[in-house]
Peer 1: 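Handing you this structure, nothing more for now.
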Amino acid sequence: MAKRIIIKPWLIVGLLLVIPTSLFTAIELLKLNDQEEVIESIYTKQLESVLFSINQYTDDITNNWIDVFYKDINLKDYTGTSEIVLKDNKHVKSLIVHPIDSASLNLGAFSIANDTLKQEITEQLLAHTKEIDQLKRYIKSGYRKVIGIDLEYQKHLSMLVFITELEQSTYLNILLLDARYFISNALSPRIQMAAGNDLVIVVRHIKTNELIASSLLNEAPDEVIKEQAIWLLPDYSLGILPVGISISELANKRATQNIGLLILVDIMLIVGAWLFYRNVKRELHLAKVKSDFVSNVSHEIRTPLALISMYAETLQLGRLKDESKRHKYYDIIYKETQRLSGIVNNILNFSRIESGRQKLHFAQFEINEVVNEVVNNYEYHFTKKGFDVAIETDESLVSIEGDRQAITESLINLVDNAIKYSADIKEITITTGLKGIYQFIEVSDKGIGIPVKEQKHIFEKFYRVTKGALAHHAKGSGLGLSIVNHIIESHNGKMEVESTEGSGSSFRILLPTNKVNKR
């Protein structure tokens, strides 16, 4: 019979609330974005129009200067690099004329008085070879184009580069321009006229963000809608901003209340959905952990039971005549019985802890005696499995109050783990001592260790490492360390672990020296 799927009513109500609210919020946000995109497009086109006008004005001024300059200059008189000072033009510091051929710039013969400026001009010309080749093609087509390149030699110094031809001779021309003076005096009136009463237009130096000119008489807003570099002055940007409140701000103001309320509702719904998801995830994880626990415990119980059954049957049928083999089988049966008893005790202890029925019997005892007792009881196992065990006890420790049997079980769990997760180096060290207000028992091994990211989870109930060498080295129920941690916390103590993957682990039980509150 197929399993019936039950849909919770509150889930349907939740979906009916979330879906329409989310859709309406998304539609409103999309509308707002559309409005902003339209506004941005309007401002962008307006800026582009203003920028084109100012750039065209800049280009016209430059070409007019060039025409004026060359009325008094005969290019035939210049066979090498010539630097001409233009005293009648405060914007242009000098004009440099350099003959070139159609194939190259001939910069090896380029020479001016200032060596530092010469070096930078040469570097910039070589860096803009493609643009200069394009200028050559323009001049051959009868069109003179000018490009701007900013220089580091002097702040606000730029060079305007263009090509001229005369009777099959080609000349590279460089106008050294005082960019700040040019913008402040030549372009500023044009900027004022383009801005009018509706716009704020500013010019800034891109690298330093220095304000060069503004339609607000040397004042400027903190932000502008759009910025673009000036054609002939690439280190300077032109920015635009509407005067007063923008259409975008009006659209935002109109939609703020509705969207604010919707966002608040959405946040509440998201929080609710997250809590729901977390709870479901936790339940699924718990279900998986419990399933793994049942599987692991079943495997752990099945193995010793199978061995006990097999060896007991062999002994019962009298098939063994060799007395030494019979003793070996008895030993195996005893060992597996102890193992099975440990598993059952862990499960029973965990059951009592979960139900709150665990009762601890507090009395005075010494932790050194607990250590010696456990080591003596495990001596046979240590010897048989080839372990070297070192005990380092602090004889100055005084007796403390606690449940001796529970502490003994905790230490046995740690020793059992040290045996279980040791690889080639079979060495265990058990130490006692003082640490602040606590007495401690530390069990150290040189086994396979625990990955760092797993260490914070190892005291959780049912938790077992699922990746790496630790996952495949030994099976278990995932209860041992959880029970140990609960017992120690019941004594107002705490557990500490230090482990390096591949180098071993140290587990430390810390118990308060003074009296503890009985739980």
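Here, residue 1 is the first one in the sequence, and each next residue gets the next number. A quick note: this is a predicted structure, and the numbers were derived from the prediction, not measured.
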Peer 1: Are any side-chain N or O atoms of Thr513 and backbone N or O atoms of Ile437, one a donor and one an acceptor, separated by less than 3.5 Å?
Peer 2: yes
Peer 1: Output a table of donor-acceptor pairs, distance under 3.5 Å, between side-chain atoms of residues 90-99 and any protein atom two or more places apart or on a different chain; print 'none' if there are none.
Peer 2:
{"unit_1": "His91", "atom_1": "ND1", "unit_2": "Asn89", "atom_2": "OD1", "d": "3.2"}
{"unit_1": "His98", "atom_1": "ND1", "unit_2": "Thr81", "atom_2": "OG1", "d": "2.6"}
{"unit_1": "His98", "atom_1": "NE2", "unit_2": "Leu105", "atom_2": "O", "d": "3.2"}
{"unit_1": "His98", "atom_1": "NE2", "unit_2": "Asn106", "atom_2": "O", "d": "3.0"}

Peer 1: With a 4.5 Å limit on heavy-atom distance, are the side chains of Glu392 and Thr429 in contact?
Peer 2: yes
Peer 1: Please list, chain by chain and in numerical order, all residues satisfying salt bridge (Lys or Arg N to Asp or Glu O under 4.0 Å) with Glu427, sequence neighbours excluded.
Peer 2: Lys446
Peer 1: Please identify each residue that fulfils side-chain hydrogen bond (donor to acceptor under 3.5 Å, both in side chains) with Ser237, with sequence neighbours left out.
Peer 2: Glu227
Peer 1: At what distance, to the nearest 0.5 angstrom, does OG of Ser215 lie from CD1 of Ile201?
Peer 2: 6.0 Å
Peer 1: Can you check side chain to side chain contact (heavy atoms under 4.5 Å, CB included) on Ile139 and Arg144, steps first, answer last?
Peer 2: CA-CA 5 Å; Ile139 202 67; Arg144 182 179 64 207; 4.0 Å; yes
Peer 1: Keeping the roles fixed (side chain from His486, backbone from Ser482), state whether a donor-acceptor pair exists under 3.5 Å.
Peer 2: no
Peer 1: Given Val146, which partner from the list Leu135, Thr58, Leu175, Ile66 fulfils the side-chain contact (heavy atoms from CB on, under 4.5 Å) test?
Peer 2: Ile66
Peer 1: Can you find a pair of side-chain heavy atoms, one from Phe162 and one from Tyr171, that are under 4.5 Å apart?
Peer 2: no
Peer 1: For residues 156-166, which residue pairs pass the salt bridge (Lys or Arg N to Asp or Glu O under 4.0 Å) check, not counting sequence neighbours?
Peer 2: Lys140-Glu165
Peer 1: Nearest 0.5 Å please: distance from the CD atom of Glu496 over to the CZ atom of Phe440.
Peer 2: 9.5 Å
Peer 1: Just jot down the side-chain hydrogen bond (donor to acceptor under 3.5 Å, both in side chains) partners of Ser53, sequence neighbours excluded, or say none.
Peer 2: Arg190
Peer 1: From Ile458 CD1 over to Ser499 OG, what is the distance, rounded to the nearest 0.5 angstrom?
Peer 2: 7.5 Å
Peer 1: What do the steps show when you test Asp445 against Ser422 for side chain to side chain donor-acceptor pair (under 3.5 Å), and what is the final call?
Peer 2: CA-CA 7 Å; Asp445 62 64; Ser422 289; 4.7 Å; no
Peer 1: Is it true that a side-chain atom of Thr129 and a backbone atom of Leu126 form a donor plus acceptor pair closer than 3.5 Å?
Peer 2: yes
Peer 1: The criterion is ring-ring contact (aromatic ring centres under 6.0 Å, His included); which residues satisfy it with Tyr153, sequence neighbours excluded?
Peer 2: none
Peer 1: Quick one: salt bridge (Lys or Arg N to Asp or Glu O under 4.0 Å) pairs with a partner in residues 203-214, sequence neighbours left out?
Peer 2: Glu152-Lys207, Lys155-Glu210, Arg180-Glu210, Lys207-Asp235
Peer 1: Is there a side-chain contact between Leu157 and Leu117, using heavy atoms and a 4.5 Å cut-off?
Peer 2: yes
Peer 1: Would you name the heavy atoms of Ile112 and Phe110 that are closest together and state the gap between them?
Peer 2: CG2-CZ, 4.1 Å
Peer 1: Which value, rounded to the nearest 0.5 Å, describes the distance between Thr164 atom OG1 and Leu166 atom CG?
Peer 2: 8.0 Å
Peer 1: Only counting residues at least two apart or in another chain, list the ones meeting side-chain hydrogen bond (donor to acceptor under 3.5 Å, both in side chains) with Gln192.
Peer 2: none
Peer 1: Among pairs that include at least one residue of residues 186-214, which meet ring-ring contact (aromatic ring centres under 6.0 Å, His included), considering only residues two or more places apart or in two chains?
Peer 2: His156-His205, His205-Tyr236
Peer 1: Would you name the heavy atoms of Ala179 and Ser158 that are closest together and state the gap between them?
Peer 2: CB-OG, 3.8 Å
Peer 1: Between atom CG of Leu233 and atom CG of Leu177, what is the distance when rounded to the nearest 0.5 Å?
Peer 2: 6.0 Å
Peer 1: If I take atom CG from residue Leu151 and atom CD from residue Glu120, how far apart are they, to the nearest 0.5 angstrom?
Peer 2: 4.5 Å
Peer 1: Could you tell me whether the side chain of Ser141 and the main chain of Tyr143 form a donor-acceptor pair under 3.5 Å?
Peer 2: no
Peer 1: Can you name the residues that form a ring-ring contact (aromatic ring centres under 6.0 Å, His included) with Tyr57, not counting sequence neighbours?
Peer 2: none
Peer 1: Report yes or no: do Asn55 and Asp59 form a side-chain donor-acceptor pair below 3.5 Å?
Peer 2: no
Peer 1: Mark yes when over 12 heavy atoms from residues, nucleotides or ligands other than Asp67 sit less than 6.0 Å from its CG; otherwise mark no.
Peer 2: yes
Peer 1: Could you pull out all residues at least two apart from Asp101 that satisfy salt bridge (Lys or Arg N to Asp or Glu O under 4.0 Å)?
Peer 2: none
Peer 1: Who pairs with Ser506 by side-chain hydrogen bond (donor to acceptor under 3.5 Å, both in side chains), at least two apart in sequence or on another chain?
Peer 2: Ser444
